[in-house]
Amino acid sequence: MTTNYDNDNIFARILRGEIPCHKVHEDEDAIVFMDVMPQSEGHALVVPKAHSRNLLDADPGVLAKIAPMLQKVAVAAKQAFNADGISLMQFNEGAGGQTVFHLHFHIVPRYEGVALRADGRGMEDNEVLAANAEKLKAALAG
Ligand code: 5GP
């Protein structure tokens with residue numbers, strides 16, 4: 001399968017610890033951290049450690065391992081942020097809305113009648129991201 005994976009994309013650098021993140025969870029397969037430009041309170045990213053640009057070049061075995069994690073984080077986020085629902089989003093290539101070219105899944109808490117915040121609204125305050133990471137961590141710990 002052809003892929004064009006850039007080792008210096010921002011999530012690869014976060015995975016190597018070169019750039020900080022508000023980490024919620026890490027295991028041998030994935031890391032979960034808060035999105036710095038949340039489209040809703042508590043917007044988190046689930047990022048498999050294996051290198052692929054996106055879903056299109058991902059190893060199916062990696063996808064099989066990540067699915068239970070997506071469910072766990074979605075359930076925890078719904079509880080942690082008192083959400084009415086969760087949007088699970090994943091974008092592929094620029095035309096598909098992807099901006100960071102390392103496979104990742106968005107877990108976005110949703111509320112009845114509330115639209116998503118516009119993309120590019122800017123960075124959330126560090127204290128807010130840190131507090132939300134702690135809330136999600138606590139809900140994941142159950
Ligand atoms: P995509 O459109 O590629 O699915 O979304 C990439 C996401 O990564 C965006 O929601 C954006 O806010 C988030 N993002 C971009 N750079 C960083 C960063 O340095 N740290 C974190 N935590 N999130 C980032």
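For the single chain, residues carry numbers from 1 onward in sequence order. Since this is a predicted model, take the numbers as computed values, not measurements. Order of listing sets the numbers, starting from 1, for every ligand and every atom in it.
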Inset, instruction - Pull out every atom of ligand 1 sitting under 4.0 Å from any heavy atom of His104, numbered as shown with elements. - result: 1 (P), 3 (O), 4 (O), 5 (O), 6 (C)

Legend entry - 4.0 Å heavy-atom contact, His106 with ligand 1: yes

Inset, instruction - Mark up the atoms of ligand 1 that fall under 4.0 Å of a heavy atom belonging to Ile14, in ascending order. - result: 20 (N)

Legend entry - salt bridge (Lys or Arg N to Asp or Glu O under 4.0 Å) involving Asp125 - partner list, sequence neighbours excluded: none

Inset, instruction - Answer side chain, backbone, both or neither: which part of Ile19 comes under 4.0 Å from ligand 1, heavy atoms only. - result: neither

Inset, instruction - Would you mind listing the cluster partners of Phe101? Hydrophobic ones only (ILVMFWY), side-chain contacts under 4.5 Å, chaining allowed. - result: none

Inset, instruction - Return yes when atom NZ of Lys49 has more than 12 non-hydrogen atoms of other residues, nucleotides or ligands closer than 6.0 Å, and no otherwise. - result: yes

Inset, instruction - Determine whether more than 12 heavy atoms belonging to other residues, nucleotides or ligands lie under 6.0 Å from atom CD of Gln71. - result: no

Inset, instruction - State if Gly97 counts as touching ligand 1 under the rule of any non-hydrogen atom under 4.0 Å. - result: yes

Inset, instruction - Check whether more than 12 heavy atoms from other residues, nucleotides or ligands sit under 6.0 Å from atom NZ of Lys137, and answer yes or no. - result: yes

Inset, instruction - Looking only at distances, please establish whether an N/O atom of ligand 1 is found under 3.5 Å from an N/O atom of Leu45. - result: no

Legend entry - Residue part near ligand 1, for Ile10, under 4.0 Å between non-hydrogen atoms: side chain

Inset, instruction - For ligand 1, indicate whether the residue Phe33 contacts it via side chain, backbone, both or neither (heavy-atom separation under 4.0 Å). - result: side chain

Inset, instruction - Examine Val100 against ligand 1 and note whether any of their N/O atoms are separated by less than 3.5 Å. - result: yes

Inset, instruction - For Glu18, look at atom CD and say whether over 12 heavy atoms of other residues, nucleotides or ligands are found less than 6.0 Å away. - result: yes

Inset, instruction - Under 4.0 Å, heavy atoms only, figure out whether ligand 1 is touched by the backbone of Phe105, its side chain, both or neither. - result: neither

Legend entry - Ring-ring centroid check His104 His106, cutoff 6.0 Å: yes

Legend entry - Per-atom contacts, ligand 1 versus Gln98 - under 4.0 Å to a heavy atom: 2 (O), 3 (O)

Legend entry - Lys/Arg N to Asp/Glu carboxylate O, Lys65 vs Glu28, below 4.0 Å: no

Inset, instruction - Kindly say whether the aromatic ring centers of Phe33 and His22 come within a distance under 6.0 Å. - result: no

Legend entry - For Phe11, the ligand 1 atoms whose distance to one of its heavy atoms is below 4.0 Å: 8 (O), 24 (C)

Legend entry - N/O separation below 3.5 Å, His43 to ligand 1: no

Inset, instruction - Answer yes or no for Met89: is there a heavy-atom contact with ligand 1 below 4.0 Å? - result: no

